[in-house]
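Below you'll find the structure, written out as structure tokens, and then a few comments.
The figures here come from the full heavy-atom set of this structure, side chains too, leaving out hydrogens, waters and symmetry mates. Every number for a ligand or one of its atoms is a count from 1 in the order of the listing.
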Amino acid sequence: MTMRLDKLLTHLGVASRSGVRDILKAGRVRVNGAAVKDAAFQVNENADIALDGQRLDTRLSRHIMLHKPAGVLTAKEDHRQKTVMDLLPPLYTALGCMPVGRLDKDTTGLLILTTDGELAHRLISPERHVDKVYEALVEGTLTEADVQTFAAGIPLKDFTALPAKLEILAPGLGLVTVREGKFHQVRRMFGAVGKPVLELRRLSFGPLPLDEALAPGEYRELTETEIAALYAAAGMKA
Ligand code: URA
């Protein structure tokens with residue numbers, strides 16, 4: 001796909017559209033070794049583009065894993081509260097990165113973000129049944145009866161949750177695997193068995209586990225292998 005040089009540089013977060021024009025006029029940008037001042041010059045993301053002699057990373061598609069900390073909203077923007085996008089360099093917002101699904105404000109753990117809207121859409125589509133694993137610290141003691149209730153599918157106010165796997169790690173600590181991602185779903189499921197969730201952390205999303213090297217608030221780009229696994233989980237080609 002080709003696009004205007006000024007558009008690509010703006011997408012890459014180099015500067016605003018008018019700032020980019022000034023940078024181009026000043027002859028600070030080289031494309032495949034030659035200075036280019038024409039904002040409408042057509043490039044693709046494989047071009048070798050350098051600003052002030054530094055080669056730019058021109059990949060437009062990016063896929064990230066973020067260790068979401070508590071207290072931030074999963075949203076692209078919010079006027080009052082801090083969002084997950086505020087934890088990332090502005091480049092990712094400029095490229096149109098979006099969260100794949102949602103974690104509640106107080107939920108921590110693995111959040112995937114991608115520039116590919118179709119990938120995001122398919123990964124959260126209820127038909128795809130991508131497994132999500134959460135660790136839940138709950139009030140009270142989890143029992144074998146809770147395991148059975150989760151496995152049977154819990155009727156909630158507006159829908160019945162699909163059968164989910166609950167493993168008891170400690171009296172008040174459970175590992176739950178769900179295939180859907182309805183609003184407050186895991187909290188509501190534990191609430192339904194009378195064990196309100198105190199802390200919730202997502203440990204994996206489809207084929208990807210949370211990278212334990214990431215502290216809360218830290219992120220990294222996915223590897224090629226991880227990207228391929230994610231596309232496969234979405235039934236798409238990378
Ligand atoms: N289920 C919830 O209740 N909250 C989350 O953040 C994710 C799943």
Side-chain angles (χ1 to χ4, degrees), residues 63-78 80-88 97-114 119-140 142 146-147 149-170 172-212 214-219 230 233-234:
H63 313 281
I64 297 169
M65 77 161 65
L66 170 72
H67 186 162
K68 181 189 171 297
V72 295
L73 290 186
T74 306
K76 282 213 268 188
E77 58 179 351
D78 192 85
R80 278 174 299 177
Q81 301 190 59
K82 193 166 166 177
T83 73
V84 289
M85 300 312 296
D86 296 323
L87 300 171
L88 305 171
C97 241
M98 68 195 83
V100 176
R102 228 168 246 265
L103 290 179
D104 298 335
K105 187 173 172 187
D106 288 328
T107 301
T108 62
L110 176 61
L111 183 69
I112 306 287
L113 297 105
T114 177
L119 175 68
H121 179 74
R122 283 182 170 237
L123 286 170
I124 59 171
S125 138
E127 292 94 63
R128 289 231 72 86
H129 290 175
V130 174
D131 281 353
K132 273 94 49 184
V133 180
Y134 296 87
E135 188 183 70
L137 180 69
V138 303
E139 223 177 280
L142 293 167
D146 297 331
V147 173
T149 307
F150 274 58
I154 304 180
L156 297 169
K157 212 164 95 193
D158 46 340
F159 75 106
T160 297
L162 287 175
K165 185 167 141 202
L166 172 63
E167 288 168 70
I168 301 173
L169 302 178
L173 191 66
L175 202 60
V176 61
T177 306
V178 293
R179 315 171 108 196
E180 325 163 85
K182 299 235 169 60
F183 187 60
H184 290 336
Q185 176 157 349
V186 173
R187 293 177 197 274
R188 290 172 67 193
M189 287 163 71
F190 280 104
V193 295
K195 320 269 158 79
V197 168
L198 302 172
E199 279 173 34
L200 191 61
R201 189 159 86 104
R202 181 151 71 193
L203 301 183
S204 70
F205 185 99
L208 305 187
L210 173 65
D211 184 339
E212 290 296 336
L214 295 175
E218 289 183 347
Y219 77 96
L230 205 56

Could you say whether the N/O atoms of [X] and ligand 1 ever approach to under 3.5 Å?
X	value
D104	yes
R188	no
H184	yes
K182	no
L200	no

Just jot down the ligand 1 atoms closer than 4.0 angstrom to any heavy atom of [X], in number order.
X	value
Y134	7 (C), 8 (C)
T107	4 (N), 5 (C), 6 (O)
Q185	1 (N), 2 (C), 3 (O)

So, for [X] and [Y], which heavy atoms are closest and what is the spacing to 0.1 Å?
X	Y	answer
A234	L123	CB-CD2, 3.8 Å
G206	V130	CA-CG1, 3.4 Å
A161	Q185	CB-NE2, 3.9 Å

Does [Y] offer a backbone N or O that forms a donor-acceptor pair with the side chain of [X] under 3.5 Å?
X	Y	answer
R102	F183	no
K68	L73	no
R202	L110	yes
D78	R80	yes

Does F183 have a heavy atom less than 4.0 Å from any atom of ligand 1? no
Atom 1 (N) of ligand 1: closest protein heavy atom, distance to 0.1 Å, is V186 N, 3.1 Å
